[in-house]
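Beneath this line is the structure, given in structure tokens, with notes to follow.
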Amino acid sequence: MKQFDVVTLFPTMFDAVTAWGVTGRARELRLYDLVGWNPREFAVNAYRSIDDRPYGGGPGMVMTPDPLAKSLRAARQRQVSCGVRDTRVVYLSPQGRTLDHSIVEELAALEGMIFLCGRYEGVDQRFIDAHVDEQVSLGDFVLSGGEIAAMALLDAVARLQPGVLGDAASHQQDSFNAALDGLLDCPHYTRPESWQGVGVPEVLLSGHHGRVARWRREQSLLLTQRLRPDLIARARAAGRLSRQDEDCLAGASSEAA
Ligand code: 4HQ
């Protein structure tokens with residue numbers, strides 16, 4: 001079972017992942033576990049303070065290293081007690097590598113992960129230098145804390161664990177599934193067959209599985225070419241595009257010309 005520990009001033013925020021949807025069900029089924037560690041609980045002074053003013057002056061506060069170190073020690077101990085040998089301490093920060101599927105896959109392969117979520121102006125640099133293995137960013141924008149970024153990463157890693165997606169996981173084995181190739185997904189339709197006067201693409205009603213699969217692949221390719229040509233280039237470089245895929249793309253660009 002995958003073990004997640006999170007060092008955060010707001011452990012209950014993670015209920016958003018552990019209590020709902022497929023990730024909630026997966027936790028119930030014990031496909032992973034998640035435990036939060038609040039530095040406040042490890043703060044020793046009368047005020048239980050976990051932050052202080054920045055040396056050198058300036059606005060805001062910085063998280064002090066000691067309550068974080070004690071939280072992290074508790075998290076590491078729990079991982080060891082669960083038999084986890086390879087774990088990684090991930091600090092969510094705009095300085096980190098921008099989150100993408102390759103990072104998710106890399107972290108999904110580990111037995112455990114420890115997330116460090118900063119608030120205020122961030123964490124004392126000495127703590128980061130001593131304990132953080134990896135910094136990951138959700139993107140080039142500023143959040144109020146690392147928690148939402150940690151939850152995004154957590155959700156993406158949890159759903160890769162065997163059994164989490166149930167039926168949908170077998171879907172991913174389908175060689176026509178675009179997600180597998182790093183392309184955008186095809187459009188999806190469900191009932192009613194006509195909604196506000198708009199129908200469903202005819203091929204999806206045909207019951208012809210081969211033609212449906214081909215249509216979906218073509219939709220993925222054409223959508224990706226139009227919206228994310230960088231992903232097409234990457235798929236091509238990785239040898240993930242077939243001769244038939246290339247014919248589809250070539251046909252589309254000659255029509256556009
Ligand atoms: N922050 N991706 C500053 C982020 C962020 C991001 C988290 C704000 C850390 C101290 N985290 N705190 N972008 O903006 O992950």
Side-chain angles (χ1 to χ4, degrees), residues 2-18 20-21 23 32 34-43 45 47-76 79 87-110 112-160 182 228 230-231:
K2 186 118 188 161
Q3 299 293 342
F4 298 107
D5 286 88
V6 186
V7 176
T8 169
L9 288 170
F10 306 112
T12 57
M13 281 183 76
F14 288 81
D15 295 354
V17 176
T18 59
W20 304 99
T23 51
Y32 74 91
L34 184 150
V35 173
W37 302 95
N38 190 341
R40 187 83 65 192
E41 312 264 337
F42 295 87
N45 70 23
Y47 309 99
R48 305 213 130 196
S49 65
I50 47 74
D51 60 344
D52 210 330
R53 288 164 300 154
Y55 278 120
M61 299 291 269
V62 177
M63 292 182 81
T64 54
D66 234 54
L68 290 171
K70 288 174 175 144
S71 305
L72 181 60
R73 188 174 314 135
R76 281 195 197 280
Q79 298 239 328
T87 193
R88 200 100 43 103
V89 178
V90 178
Y91 178 50
L92 289 308
S93 144
Q95 267 104 310
R97 293 154 72 196
T98 306
L99 185 56
D100 65 13
H101 186 61
S102 71
I103 296 177
V104 171
E105 275 185 325
E106 189 185 307
L107 296 174
L110 303 172
M113 292 175 65
I114 301 175
F115 295 103
L116 172 63
C117 304
R119 284 269 153 178
Y120 319 113
E121 305 311 307
V123 168
D124 188 298
Q125 188 61 37
R126 292 166 297 181
F127 180 82
I128 295 172
D129 294 342
H131 292 296
V132 169
D133 298 313
E134 192 142 11
Q135 300 196 40
V136 173
S137 170
L138 194 54
D140 293 337
F141 49 87
V142 181
L143 293 164
S144 309
E147 285 82 2
I148 288 175
M151 283 190 269
L153 177 50
L154 200 59
D155 180 280
V157 169
R159 62 198 302 288
L160 288 187
R228 294 291 305 276
D230 57 310
L231 296 181

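Numbering of ligands and ligand atoms starts at 1, following listing order.
- In this structure, Trp37 and Phe42 have tilted ring planes: the angle between them lies in the 30° to 60° band.
- Between Glu147 and Arg119, at least one side-chain nitrogen of the basic residue sits less than 4.0 Å from a carboxylate oxygen of the acidic one, meeting the salt-bridge criterion.
- Neither side chain, Asp66 nor Thr64, offers a donor N or O lying under 3.5 Å from an acceptor on the other.
- Open room surrounds CD1 on Ile148; 12 or fewer heavy atoms of other groups in view lie less than 6.0 Å from it.
- Take Lys2 and apply the salt bridge (Lys or Arg N to Asp or Glu O under 4.0 Å) test, not counting sequence neighbours, and it matches no residue.
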Every pair of nitrogen or oxygen atoms between ligand 1 and the protein that is under 3.5 angstrom apart - can you list them with their distances to 0.1 Å?
residue: ligand 1; atom: 2 (N); partner: Leu138; partner atom: N; Å: 2.9
residue: ligand 1; atom: 13 (N); partner: Gly139; partner atom: O; Å: 3.2
residue: ligand 1; atom: 13 (N); partner: Phe141; partner atom: O; Å: 2.9
residue: ligand 1; atom: 14 (O); partner: Phe141; partner atom: O; Å: 3.4
residue: ligand 1; atom: 14 (O); partner: Leu143; partner atom: N; Å: 2.9
residue: ligand 1; atom: 15 (O); partner: Ser93; partner atom: N; Å: 3.4

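- Between Gln125 and Val62, the closest side-chain pair of non-hydrogen atoms is not below 4.5 Å.
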